[in-house]
Amino acid sequence: MRKNVLAALIAEMLIAGGAAAQTGGDVDPSARVVVTGIRASLSSSLNTKRMQEGVVDAVSAEDAGKFPDTNIAESLQRVTGVQIQRNNGEGRYISVRGLGPEFNNVLVNGRTITSDTGGREFSFDLLSSDLISKALVYKTSQPFLPEGGIGSTVDIQTARPLSGKTGHTSVVNVSHSWDSNSKEHTPNISGMYSFANDDRTFGVTGSISYTDRASKQNKAINDAWNYRDVSMINGDLNSRGLTMADVTTRKLYIPQSYGFQQEKESRKRTVANLTVQYNPSPAWKMTADALYSRLDQRNDVIAFSDWNNPVQLGVKYDQNDQITSFLRPGATFYANNPAIAGPGKLLGEANSNDMIVKGGDRLSETKAFGLNSKWTLAPEWRLEGDVSTSRTTSRSPDMWVVAGMVPKNGDTLVFDAIPSITFGDNIADPTAVRAHAVSNGDVHNRDKLHEGRLNLSWDHEMGFFKGFDTGVSYSQRDVGRTKWESDSWNAFSGYHVSLPASLFTVTPLDGYFGGGKVPSSYLRFDPYEYMAYLNQPALIAQSNDPALYSDKTKYPNGPMAIDYRNPASTWGVKEKVASFFADSRWEGEGWSANAGFRYVHVKSMSSGVSRTLISATKSPNDTTYILNWGPSAPTTVENSYHSFLPSANLKIDVTRDMLLRFGASKTETRPTLSQMGVDNWYGGRFGDVQTGGGNPYLKPMQSKNFDVSYEWYLSKTNYVSAAVFYKKVSDFLETRLVDMRIPQYDEVVHDSRVRNGQSGKIKGVEIAGQYAFDTNIRWLQGFGVAANYTYVDANATREGDAGALECGYPGLSPQSYNASAFYENDRFQARVSYNWRNHYSVDCGGGSTLPRNRAAYGQTDASLRYNITPTIALYADGINLGNKRMREYASNESQFLTLEDVGRRVNVGVRVAF
């Protein structure tokens, strides 16, 4: 009766009318819905959730090559409390219960896999969902799980041949993708072969997937909002003869820049997997895995932007001291007002309209191997050994190439919900472009990991005691980064060298964001042709320091060429982790529990070679510094610590269908290895010098966790649940800005790097449920719904930087929910899903720079499947059907930072099984 009442309530919420009246009556057997497709996937996931000791959610494939989504992260976002971050519209990282990607430990078949990020956060876009059979999200800690996941531990499991059908089976997926912004059509293909003998003593599964995607991303961008002294010139663009008496200074919130960006991306991904299983005897089972992934991402990024100095004309601001509009004076204004404009004056440099090419390519390759062996030593004793290795290499250009114009007539900027800019000059005039700053680098990352574990289990009944599990593990990880670069940044900065029009191409814009807020056309250029032109000896004579940049001993191939003789910086972090766990199992009538601990000892060594900055000299034609470097110097720093991490879980059978779970644990997340380097960098301008780098003395972030979960299983497919959780965190890791003095500069520098220091509390509520209307309501047969909601409340206590005190935790959304409605019968499947997350902090800023926040975002996706025959199916997937745009702001939504348009994505294909 309770299940019928619940079904009626859900139906009444979805469809107006007397649904409750439909709960009774006989069901036509011919209309019975077979549990396949979406229901099979939901049922498998629910069974996994129910059987676990702790709070666990799962996403399962219905069959080989039939994972619910084309991207694993996009499937995980439908798990309660899981939110994703997208890269060009495709899921890449996950956050769980408000904690970002670096706080979630991601495993593949129970093993850590290396990353192409230089850190611990896992890029889900490196794997194809066609190869995955299940993904488990552990929200409460278990002693056997590798430490590292304060937010969660995610275990991605690939297909196992001895877990499927016997004999030979094959699956081929062929599809076609279309992107609404790029208007490009690209192919995708995947295949899987599996064999298992009749005795299930030998099996092999091999799969390969190739994905090709072409996309385009449009953005309106302001780099930052700053709270600083602004010199306001009282006049307009036609004013003449102004003096310092016409200037007032006031501390205001001012946007740093404003402009537009287009990014064309080509992403080609190849993923292959091979699994061999062999059971020599009923007491001995062996599994070997090999995984290969290659991602070739090419980005063509061009931006054009106004840089806003803290000296402007006709400034208007509101009651909150926030600038709402101003005029950017051009060359004519400079000429008409010599008392305030010119070298050494208030307006020391001319404003500019910049065109910027940014390096965004990403070539990543991952190879992973693993061997697992399980022995039944005796009826009560089991032993498991596992060894694995993983290696990822990646390379990408570190490019920031700027050409620009010095406008004659000045520009007008208005900052509202979507800012607008009126250019006084033609920004698509190729005859008006001048040279500016050039950064040209090449970055190589490596990540190599070896790990092994040996676990022993004893199953023994002694009253409530049911046995124990124990194990040891050891891993050694080596992460490094090498960067080569040219010393060209300030060689031509200052817009004093004219460039030939032949280097630039007039390109129309799409008219995105509507109206007159975006110019009709702009200029594109090839950065390598541009740098080759500046590298000519005749041009070097016009540089800011001809004697320096023409010195062949320092620049044998010119200042624009990357110097591969000596890396600009190289750092590496070696981490050795030894751990031991013990876990006891207990069970009585209507309850079960486990209690244990994990002990971890970590030793790290950070080393690197970098050039020493001797001095910084102000550039004669710009507000930047010319940096004078000394010889390279090696540095090594060692660090070690140990942790004791207890955990316990209790499961109570309230009734046959109801469970109550309790969990308590202490967890930790070690610093991301890329954060522990010994490198340092220097940048910025007069009055705003920026420095940063690694921090080898970081400690792990730790959290004390408490969980309570209620679960009501209405059937093999249907359930409702509610959970509350509490985390008390300490030594939180985040980027913090500290003002300091260093001898190379005669002013305060703003140093940004990851630091420990924050503590606080995270608490929240999760509510979830799913219901398939199969037998209770005849006219709703075939329909189903699934939904969940998460609320997270957090507070943080920070040290030092007052500007970031109200930031909260980066990556934490106070609220998120997702809902899906589906229909399926023997031939047809359809599903529509909506995922929404509240605003969250991306970066806490610091000093004069305000935080960066991302606005609430919701996205609608849909999928269709039609079974032509039992072995042939057509399908279509639509991503971001509502064409939603991502928006970022600073401290409040009126402080615009970014508006991003990634467009819609459609994938149409056919799946053949034989």
Side-chain angles (χ1 to χ4, degrees), residues 10 13-15 33 36-42 45 59-63 65-80 82-84 86 88-91 124-125 128-130 132 173-186 188 211 213 215 717 769-773 780 782-789 816-837 857-868 873-886 901-911:
I10 295 175
M13 288 187 290
L14 292 174
I15 302 175
V33 177
T36 59
I38 298 172
R39 284 173 177 77
S41 176
L42 295 176
S45 299
V59 181
S60 302
E62 171 205 349
D63 200 353
K66 293 184 70 174
F67 206 69
D69 295 271
T70 57
N71 180 282
I72 303 171
E74 289 164 4
S75 285
L76 288 172
Q77 72 180 331
R78 282 192 283 280
V79 170
T80 311
V82 177
Q83 303 153 344
I84 70 172
R86 293 175 170 85
N88 277 6
E90 185 173 346
F124 284 87
D125 58 357
S128 169
S129 61
D130 293 330
I132 307 305
N173 269 312
V174 179
S175 65
H176 172 92
S177 294
W178 177 78
D179 185 273
S180 65
N181 279 1
S182 68
K183 304 295 189 295
E184 294 284 345
H185 300 262
T186 52
N188 309 284
T211 304
R213 184 186 171 208
S215 62
T717 307
Q770 64 190 34
Y771 203 94
F773 301 93
L780 282 178
F783 287 96
V785 292
N788 60 68
Y789 168 81
S816 64
Y817 65 85
N818 62 76
S820 298
F822 63 86
Y823 172 81
E824 66 177 341
N825 56 31
D826 292 341
R827 284 292 185 105
F828 179 72
Q829 297 177 22
R831 184 186 65 202
V832 178
S833 301
Y834 181 75
N835 297 273
W836 181 89
R837 67 180 298 185
Y857 179 87
Q859 178 172 304
T860 301
D861 305 326
S863 64
L864 300 173
R865 299 287 187 275
Y866 180 73
N867 299 322
I868 300 175
L874 301 176
Y875 60 89
D877 298 303
I879 309 298
N880 192 23
L881 295 179
N883 197 25
K884 294 299 182 179
R885 296 165 177 168
M886 184 277 292
D901 169 42
V902 298
R904 302 175 178 89
R905 179 161 44 104
V906 177
N907 191 45
V908 179
V910 59
R911 178 183 184 273

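In this chain, residues are counted from 1 in sequence order.
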Enquirer: Once side chain to side chain contact (heavy atoms under 4.5 Å, CB included) is applied, do any residues pair with Y823, and if so which ones, sequence neighbours excluded?
Expert: F783, N825, F828
Enquirer: Mind checking what makes side-chain hydrogen bond (donor to acceptor under 3.5 Å, both in side chains) contact with T186, not counting sequence neighbours?
Expert: none
Enquirer: Mind checking side chain to side chain contact (heavy atoms under 4.5 Å, CB included) for A862 and listing every partner two or more places apart, or none if nothing turns up?
Expert: V832, L881
Enquirer: Taking atom CZ of R911 and atom CZ of R865, what is their separation to the nearest 0.5 Å?
Expert: 9.5 Å
Enquirer: Find the distance between CD1 (I38) and OG1 (T717) and round it off to the nearest 0.5 Å.
Expert: 11.5 Å
Enquirer: Who pairs with Y857 by ring pair (Phe, Tyr, Trp, His ring centres under 6.0 Å), at least two apart in sequence or on another chain?
Expert: none
Enquirer: So how far is it from S175 OG to Y875 OH, rounded to the nearest 0.5 Å?
Expert: 4.0 Å
Enquirer: Drop me the distance from N818's CG to T80's OG1, to the nearest 0.5 angstrom.
Expert: 7.0 Å
Enquirer: For R837, which residues count as a salt bridge (charged side-chain N to carboxylate O under 4.0 Å, His left out) partner, sequence neighbours excluded?
Expert: none
Enquirer: Report the residues that fulfil side-chain hydrogen bond (donor to acceptor under 3.5 Å, both in side chains) with R827, sequence neighbours left out, ordered by chain and then residue number.
Expert: Y866
Enquirer: For N835, give me all partners under side-chain hydrogen bond (donor to acceptor under 3.5 Å, both in side chains), at least two apart in sequence or on another chain.
Expert: none
Enquirer: Quick one: list whatever passes side chain to side chain contact (heavy atoms under 4.5 Å, CB included) with A73, sequence neighbours left out.
Expert: N71, I84, I94, F124
Enquirer: Taking side-chain hydrogen bond (donor to acceptor under 3.5 Å, both in side chains) as the definition, give me every residue that meets it alongside T211, ordered by chain and number, with sequence neighbours left out.
Expert: R269
Enquirer: Parallel under 30°, tilted from 30 to 60°, perpendicular over 60°: which one fits the rings of Y817 and Y834?
Expert: tilted
Enquirer: Side chain to side chain contact (heavy atoms under 4.5 Å, CB included), that's the test. Do R213 and S177 meet it? Break it down for me.
Expert: CA-CA 7 Å; R213 184 186 171 208; S177 294; 5.6 Å; no
Enquirer: Excluding sequence neighbours, so at least two apart, what forms side chain to side chain contact (heavy atoms under 4.5 Å, CB included) with H185?
Expert: H176, W178
Enquirer: Will you find, in the side chains of S215 and S182, an N or O donor that is under 3.5 Å from an N or O acceptor?
Expert: no
Enquirer: Looking at D826, is its backbone amide N or carbonyl O close enough to the side chain of N867 to form a donor-acceptor pair, meaning the two atoms are under 3.5 Å apart?
Expert: yes
Enquirer: What's the spacing between N880 CG and R86 CZ if we round to 0.5 Å?
Expert: 7.5 Å
